[in-house]
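Chain letters run A, B, ... following the sequence lines, proteins first and then strands; every chain starts at 1.
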Amino acid sequence: MDQYPFHHALKFLDEVCIGCSHCMKECPTQAIRICEGKVHLMENRCVDCGMCYRTCPYQAIMVEQDDFKKVYDYQYRILLVPALFFSQFPDKYATRQIYSALMELGFSNIVEVEHSVPILIEAIKQYIQSSQNDKPVISSFCPAIVRLVQVKFPSLTENIMLLKTPVDLTAIYYKRRLLDMGIKEPEIGIFYVTPCAAKIAAVKSPVGERASEVNGVINMDYIYNKVLRILKNDKDEIKPFDGMKFVSSKGLRWSLTHGEADNFEGRCLAIDGIHNVITFLEKLEKEEISDIDFLELRACDEGCPSGILTAENTFITVERVRFRAAKYKRLEKESDHESKMLNFNQYRNYILEENQLEPVKPRSMYKLDDNMLEAMRKIQEVNEIMKILPLVDCGVCGAPSCQAHAEDIVQGKSDIRRCIFIQNDIKEGNPREFLEKVWGNKKLKKSNENEG
Amino acid sequence: MSNAITLNYHIEGSDFINAGNASSQIKKVLQQLNVDPKTIKRIVVALYEAEVNVVAHAYKGDISAEITTEDITITLDDEGPGIVDIDMAMTEGYSTASPKVREMGFGAGMGLPNIKRNVDELNIQSEVKVGTKVVMKVKLS
């Protein structure tokens, strides 16, 4: 089993959470329970997909980030920005102006994450060719998907592509460049603007690599607000940044759905939305679907443009990214265009050597016990309990389904008397006491007040 | 409580849409038992293939799976046309599937050979115009 600590970037704010259970019903890995009126997260199941964050009506979930001041600890501050960040802003702001606004925040340089995409495409092509027996190759791009495969589809972990993502490669490249210029490692701070929680978790406890090259993570919504304020206040004065390097058009499209899959030969599918991915992987695990070469799987609809930390409407972002990519594609035909892009040639071999992940290990979330005989006993007990549960999956017990409740009971984490239907049958003790264990006493008090 | 788990499922002939239900359910139980993912994959692939065989060729069938700490034994018992020549049916590429079934992407003649590849023991008994009984066993530890 994977020994890495499992870091989660999603934090539930106990003082705001009222235990409304919306998130519990939405979670694709059934990682959430309600206890004493608050969310209890089963950390081994959570894949940081952010579905809970999307659905929470009370903003009781926050995405942790590094203190922005940490940036100033370093003399050379490099900000890695996903291309889609520049498509968060109204069209009247030019990309180069957004670069300038980011520079005003105190960075030494702004580098778009996707500069490394062309070299990654080369590496993936080779990887697909060389992995004849482990088809389909499942992209490692979306960290929520990598974790989903680990916990829910353990037999498919071997299919995960053991190559790094554009942000890692661009970080490796840029750091090497600065080191070669004679800058000392402790002086270099590489920061990454993230569109989602999963990518934070991936930096803080990477799967398949020991430590990330990224020194800190900044949430996209946070920096969006800062940049938009600068743009709005100094619109006339803000000059286009002249140090901008052109990303490739393929790089620009990388984080959109089909951004990866369209680059490769053979049968390559792109699937977005975590529930769609789950349905597909269920079939793939049985080999009900086979003969596929490459799978681009993303937890978010339309890919990263609907990451939970983005600001603009998903479809507007997609439109703007496509427009920019089409424009860059035209520019790519000009003979001197290559000189306006970041030059990777010198570091090509170095990056390809560094571009290797360690095998991803399964961490099945379903196991009831390490000991098989004990697990067998627990399954039988779950089945017995299921015979008396109502099977309506109402969630009043604080678990997302009767099955989940039965499993919790067997694991000693819940009490069958939390089931309101069982309560009604046994009429033993005060049913409210058991409900309070789930929902706390605030909600019940409130209904009493209304009566009075 | 006994030291074995028995699971039972029913299959309707020609219901391709629900073929694979038993393998999904059994997969979950094996995951709960912390069986090695590679072993689970072999079992699930073999069972899915066998389920599709019943759906494609038979009128109806029953699946029963018995899981012990040692192994899993899955029996698929169907009412159907039976297999005339079992040895022939075990040959890769040999198929008696109707064109209609082939159009749906099934019936490539890889079913039984694929099952055999994935299990430790395979026993097939068949009586023409009565039905087929497939018993497969996979060691779990």
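- Crowding of A:Gln129 atom CD: a count of heavy atoms from other residues, nucleotides or ligands under 6.0 Å not exceeding 12.
- Here the closest non-hydrogen pair linking A:Lys286 and B:Gly20 is NZ-O, 3.0 Å.
- Here the shortest heavy-atom pairing between A:Pro154 and B:Gln31 reads CD-NE2, 3.5 Å.
- Within 6.0 Å of atom NZ in B:Lys60, 12 or fewer heavy atoms from other residues, nucleotides or ligands are found, so the atom counts as exposed in its surroundings.
- At a 4.5 Å heavy-atom cutoff, A:Asn371 makes no contact with chain B through either its backbone or its side chain.
- When all heavy atoms of B:Lys41 and A:Leu156 are compared, the pair lying nearest together is NZ-CD2, 4.3 Å.
- Between B:Lys27 and A:Glu285 there is a salt bridge, with a side-chain nitrogen of the basic residue lying less than 4.0 Å from a carboxylate oxygen of the acidic one.
- The closest side-chain heavy-atom distance from A:Leu368 to B:Leu33 is not below 4.5 Å.
- Residue B:Ile40 does not touch chain A at all, counting heavy-atom pairs closer than 4.5 Å.
- Just one of B:Val29, B:Ile67, B:Leu7 meets the side-chain contact (heavy atoms from CB on, under 4.5 Å) condition when paired with A:Ile379; it is B:Val29.
- Atom-to-atom distance recorded for A:Lys283:NZ and B:Tyr48:OH is 6.5 Å, nearest 0.5 angstrom.
- Neither the backbone nor the side chain of A:Glu374 comes within less than 4.5 Å of any heavy atom in chain B.
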Practice problem: Show your working on side-chain contact (heavy atoms from CB on, under 4.5 Å) between B:Glu49 and A:Glu288 and close with a plain yes or no. | Solution: CA-CA 8 Å; B:Glu49 201 71 70; A:Glu288 190 175 336; over 6 Å; no
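- For B:Asn8, the CG atom counts as densely surrounded, since its 6.0 Å shell holds more than 12 non-hydrogen atoms of other residues, nucleotides or ligands.
- Residues A:Met372 and B:Thr69 share a closest heavy-atom pair of CE-CA, 3.7 Å.
- In this structure, B:Lys38 pairs ionically with A:Glu158, as a charged nitrogen and a carboxylate oxygen lie closer than 4.0 Å.
- Only the side chain of B:Val35 comes within contact range of chain A, judged by heavy atoms closer than 4.5 Å.
- The side-chain hydrogen bond (donor to acceptor under 3.5 Å, both in side chains) analysis of residues 130-141 of chain B, with sequence neighbours excluded, yields the pairs B:Ser126-B:Thr132.
- Partner of B:Gln32 under the side-chain contact (heavy atoms from CB on, under 4.5 Å) criterion, chosen from A:Met376, A:Lys378, A:Glu407, A:Lys367: A:Glu407.
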